[in-house]
Amino acid sequence: MWARRYPEAPTLTDTGRVRVRETLNAAIRAELERAVADGRLALDVLPNVSVERPRDPSHGDWATSIALVSSKAAGAPPREIAEMLAAGLRERLAGVATAIEVAGPGFINIRLARDVVADVVERVRSLGDAYGAGARSGRRVQVEFVSANPVGPMHVGHGRWAALGDSIARILEHAGDTVEREFYINDAGVQMDMFAASVSARYLELAGHEAAFPEDGYRGAYVTDIAREILDAEGPCWADASAAEREAHFKEQAYAQVLMHLTRVLHGMGVDFDVWFSERTLHAPGTDGGPAAIERGIARLKEAGYLFEHEGALWFRSTDFGDDKDRVLKKADGSYTYFAADVAYHADKFDRGLDLVIDIWGADHHGYVKRMESAVAALGHPGQLEVIIGQLVNLFRNGEVVRMSKRTGEMVTFEDLLDEVGADAARYFFLRRSTDQPLDFDIGLAKERSSDNPVYYVQYAHARICSILRKSAGADTTDESVDVAAVGSQTSADSAALALLGSEPGTLAGDAELGLLRKLAEFPEVVEVAARQRAPHKLTTYAEELASAFHQFYTHCQVVVDDPALRAARLALADASRIVLARALGLLGVSAPQRM
RNA sequence: GCGCCCGUAGCUCAGUUGGAUAGAGCGGGAGACUUCUAAUCUCUAGGUCGGGGGUUCGAAUCCCUCCGGGCGUGCCA
């Protein structure tokens with residue numbers, strides 16, 4: 001088995017909310033220490049202090065269960081401990097918190113002063129896109145994803161890995177890492193030969209010759225399209241060439257066409273790779289004329305003492321690292337396994353100085369994870385490879401499963417899907433579910449321009465804000481020539497004005513303002529968690545919650561009002577919401593339209 | 001057989017690594033446009049968190065076991 005690892009999260013530094021959290025933690029720890037020093041609390045070891053955000057807003061902004069945790073060791077009732085700590089905290093946190101209460105079995109609930117809550121508005125507006133960003137970690141991370149065999153069009157599952165890998169890359173970048181996106185092209189295997197043979201057979205058919213189609217050939221219509229393009233461009237002369245010559249030539253032609261398809265489709269959805277890595281280069285002789293990378297990779301494992309020969313084959317002792325069985329690198333017939341190339345490939349990655357490599361593979365490859373982790377460990381980089389297993393996509397159309405046949409090659413390609421639903425909806429739906437969950441994708445729903453569609457729900461919130469900003473500038477609300485970001489930044493609200501926000505709790509308007517302020521403040525933590533868990537779906541959930549908080553605010557609070565202070569405060573709040581919505585969508589790779 | 005993933009409202013799914021009365025959207029029921037976009041909002045119904053044990057102040061979450069579903073278990077790629 002392998003444990004899912006969540007390496008240390010980058011430290012967030014620029015975010016007031018996290019500082020609030022640290023301030024509270026520090027205050028609670030100090031109270032705890034004081035109580036122990038005074039002999040009021042009998043604890044040998046101090047428990048870890050942590051405040052959390054209660055689900056129920058009536059429990060305040062933050063809460064801690066420290067009294068419950070300490071109760072047993074201290075030999076005192078939790079409520080008694082809580083009362084004692086709360087008394088000290090009220091003094092220590094005067095100015096930050098307006099209420100500190102003991103509730104339930106012994107929770108300490110903390111309600112922040114309103115100006116501390118409202119402070120998020122100016123923090124967001126001054127930081128802009130950097131809000132929620134982590135300090136530069138100095139860590140170089142590579143995300144390798146899609147990595148399809150270049151033998152056909154992208155399928156819908158590839159689209160999901162693309163959205164996932166790119167969004168994880170964006171999130172890690174925002175959290176402070178330096179990230180590279182890489183596509184590993186499996187262009188060396190026998191499937192390329194089969195692909196060439198399939199194109200060759202179609203070419204001969206088109207040129208009017210008899211041709212037996214290969215048993216396990218690729219039967220999709222795209223193969224014929226490629227053959228036709230070659231025929232149109234180069235004529236029927238290849239029918240006279242030897243099969244080997246023809247297939248060798250067609251292989252490269254077809255390969256080039258598929259690569260163009262891949263880059264075009266991926267670029268069309270906003271995914272651009274830094275490196276396209278060809279598997280062939282691993283088999284080719286070294287640039288210095290020395291041994292091929294694949295041989296050098298094996299040599300390294302040998303030096304490390306993990307190889308042995310058995311029944312004419314060369315094996316890697318992956319069981320030393322917890323794998324179920326040992327794995328063959330070089331077969332008895334002298335050829336290399338796919339795994340051998342992958343060892344060389346990963347050795348190359350770490351030679352490039354990467355600190356962490358994240359591979360995204362389809363669910364059908366999960367049996368391969370342990371051996372790859374073992375190899376990376378044997379190469380001297382234990383724990384520096386992380387494999388994310390992406391589950392498949394089931395396509396639905398109005399509740400009906402869209403059937404696809406691998407045998408006949410009939411399928412809805414990812415490009416078809418993009419054409420039909422658009423890049424925004426496709427990406428958003430792919431990212432909406434946790435990665436280890438198979439995804440049901442309803443084409444009808446993704447296309448729907450209604451409240452049923454969460455993409456539009458979130459984008460609409462952004463568009464609404466832009467409309468308000470246009471109006472506040474005295475322009476027509478539909479005038480797209482207005483620079484809404486400039487209008488937003490020209491708005492200024494002093495702290496007295498901001499203190500108006502949420503000043504009437506209990507009213508629809510007051511609660512809506514407070515709800516929106518609190519939601520904005522959560523963003524840095526959401527980014528941190530999404531980064532640590534490689535979980536973009538945390539951001540779709542957040543984006544929908546933020547959009548919901550904004551729509552409530554919009555319904556209950558007129559922004560462009562006569563009172564200049566209230567108007568400025570609400571305008572600033574709307575502007576901050578615009579910035580965070582756009583940032584959240586940006587991390588998902590989804591556009592934030594200014595008008596819908 | 002063994003390994004991994006999953007099982008939460010009628011449906012699709014969240015649940016911040018053990019916290020307070022388990023949440024959201026859709027679907028069902030009832031309402032709100034003379035306003036900065038109704039692609040919106042408000043209220044309501046709906047649960048044995050697959051079953052059973054255990055750990056503890058406290059379990060959807062951790063452990064054991066059983067049931068059910070998916071995937072993997074090549075000298076394929």
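Chain A is the first sequence line, chain B the second, and so forth, proteins listed ahead of strands; every chain is numbered from 1.
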At under 4.0 Å between heavy atoms, what does A:Gln558 touch on the DNA or RNA strands: base, sugar-phosphate, or nothing?
base
Suppose you measure atom P in B:U56 against the same atom in B:G51; what distance do you get, rounded to whole Å? 23 Å
query: Does a nitrogen or oxygen in the side chain of A:His551 sit under 4.0 Å from OP1 or OP2 of B:A39?
result: no
Tell me whether the centres of the aromatic rings in A:His551 and A:Tyr457 are closer together than 6.0 Å. yes
Euclidean distance for P, B:C64 against B:C26 (whole angstrom)
39 Å
A:Gln437 side-chain N/O to B:G70 phosphate OP1/OP2 under 4.0 Å: no
- What integer number of Å spans the C1' atoms of B:G23 and B:C76? 45 Å
Residues passing the side chain to side chain contact (heavy atoms under 4.5 Å, CB included) test with A:Lys251, sequence neighbours excluded, are A:Met192, A:Asp193, A:Ala196, A:Arg280
Are any of A:Tyr457's side-chain N or O atoms less than 4.0 Å away from OP1 or OP2 of B:C41?
yes
Closest of B:A14, B:C41, B:U16 to the A:Thr541 side chain is B:A14
- Query: Crowded around A:Lys302 NZ? As in, over 12 foreign heavy atoms under 6.0 Å?
  - Reply: no
Output row for RNA chain B, stems defined as at least 3 consecutive Watson-Crick or G-U pairs under 3.5 Å, is B:1-7 with B:67-73, B:10-13 with B:23-26, B:28-32 with B:40-44, B:50-54 with B:62-66
Rounded to whole Å, CD of A:Glu544 lies from C1' of B:C13 at a distance of 10 Å
Comparing nearest nucleotides in RNA chain B, the 5'-proximal residue of the pair A:Leu392, A:Lys538 is A:Lys538
Per-nt protein contacts along nucleotides 72-77 of chain B (heavy atom under 4.0 Å; B base, S backbone sugar-phosphate only, - none) come out as S-SBSB
The nucleotide from B:C36, B:A14, B:U42 with an atom nearest the side chain of A:His537 is B:A14
| request: Determine the contact category for A:Ser71: base if any of its heavy atoms lies under 4.0 Å from a base atom, sugar-phosphate if only primed atoms, P, OP1 or OP2 are that close, otherwise nothing. | output: nothing
Notebook entry, point to check: Phosphate oxygens OP1/OP2 of B:G70: is one of them under 4.0 Å from a side-chain N or O of A:Gln391?
Noted result: no
* Asked: Hey, is the main chain of A:Ser58 close enough, under 3.5 Å, to the side chain of A:Arg111 for a donor-acceptor pair?
  -> yes
So side-chain hydrogen bond (donor to acceptor under 3.5 Å, both in side chains) across residues 560-580 of chain A, not counting sequence neighbours, yields A:Arg125-A:Asp575, A:Glu513-A:Arg570, A:Asp575-A:Arg578
By ring-ring contact (aromatic ring centres under 6.0 Å, His included), A:His155 pairs with (sequence neighbours left out) A:His158
* To do: Assign A:Ser472 to base, sugar-phosphate, or nothing according to its heavy-atom contacts below 4.0 angstrom with the strands shown.
  => nothing
Per the O4'-C1'-N9-C4 / O4'-C1'-N1-C2 angle with a 90° window around 0, B:C33 comes out syn
Separation of B:A20 atom P from A:Ile110 atom CD1, nearest Å, is 17 Å
- prompt: What interatomic distance, in whole Å, is found between C1' of B:G19 and the corresponding atom of B:A59?
  reply: 10 Å
Exercise for review: Just call it for A:Val69: base, sugar-phosphate, or nothing, with non-hydrogen atoms closer than 4.0 Å on any strand.
Suggested key: base
Taken in chain and number order and not counting sequence neighbours, the residues that satisfy side chain to side chain contact (heavy atoms under 4.5 Å, CB included) with A:Ala67 are A:Ile81, A:Ala82
For A:Asp320, the side-chain hydrogen bond (donor to acceptor under 3.5 Å, both in side chains) test, sequence neighbours excluded, returns none
- NA contact type, A:Ala63, heavy-atom cut-off 4.0 Å: base, sugar-phosphate, or nothing? base
Among the nucleotides B:G19, B:A38, B:C41, whichever has the atom closest to the side chain of A:Thr555 is B:C41
Taken in chain and number order and not counting sequence neighbours, the residues that satisfy side-chain hydrogen bond (donor to acceptor under 3.5 Å, both in side chains) with A:Ser147 are A:Glu144
Taken to the nearest whole Å, CD/A:Glu522 to C1'/B:U16 is 9 Å
**Asked** Reckon A:Val560 touches a base, only the sugar-phosphate, or nothing at all at heavy-atom distances under 4.0 Å?
**Response** base
A:Phe441 meets the ring-ring contact (aromatic ring centres under 6.0 Å, His included) criterion, sequence neighbours left out, with A:Phe429, A:Phe430
Rounded to the nearest 0.5 angstrom, the OG-CD distance for A:Ser71 and A:Glu80 is 9.5 Å
Against the side chain of A:Glu52, the closest entry in B:C36, B:G19, B:U42 is B:G19
A:Arg55 has its side chain closest, among B:C36, B:A20, B:A14, to B:A20
Please write out the pairs of protein N or O atoms and N or O atoms of nucleotides 9-12 of chain B separated by less than 3.5 Å, giving the distance to one decimal.
unit_1	atom_1	unit_2	atom_2	d
B:U12	O2'	A:Arg433	NH2	3.3

Review point. Taking the same atom, P, in B:U61 and in B:C49, what whole-Å distance lies between them?
Key: 10 Å
### Query
Checking all strands, does A:Asn109 fall into the base, sugar-phosphate, or nothing category for heavy-atom contacts under 4.0 angstrom?
base
**Request:** Give A:Cys557 one of three labels, base, sugar-phosphate or nothing, depending on what nucleic acid heavy atoms sit under 4.0 Å from its own.
**Result:** base
A:Leu439 CG to B:C5 C1', in whole Å, measures 15 Å
Check: A:Val561 versus A:Cys557: any side-chain heavy-atom pair under 4.5 Å?
Finding: no
Rounded to whole Å, CG of A:Leu508 lies from P of B:A32 at a distance of 16 Å
Sorted by chain and residue number, the ring-ring contact (aromatic ring centres under 6.0 Å, His included) partners of A:Tyr255 (sequence neighbours excluded) come out as none
Can you tell me, in whole Å, how much space there is between the P of B:U12 and that of B:A45?
24 Å
If we take the C1' atom in both B:A14 and B:G7, what is their distance in whole Å? 15 Å
By ring-ring contact (aromatic ring centres under 6.0 Å, His included), A:Tyr345 pairs with (sequence neighbours left out) A:Tyr184, A:Phe277
note: A:Phe429, atom CZ; B:G25, atom C1'; distance rounded to Å ~ 11 Å
Rounded to whole Å, CD1 of A:Ile389 lies from C1' of B:C4 at a distance of 9 Å
Open item on the list: Work out how far the P atom of B:C43 is from that of B:C5, and round it to whole angstrom.
Closed with: 40 Å
Taken to the nearest whole Å, CD/A:Gln459 to P/B:U40 is 12 Å
Cation-pi check, A:Arg464 onto A:Tyr554 ring (under 6.0 Å, within 45° of axis) = yes
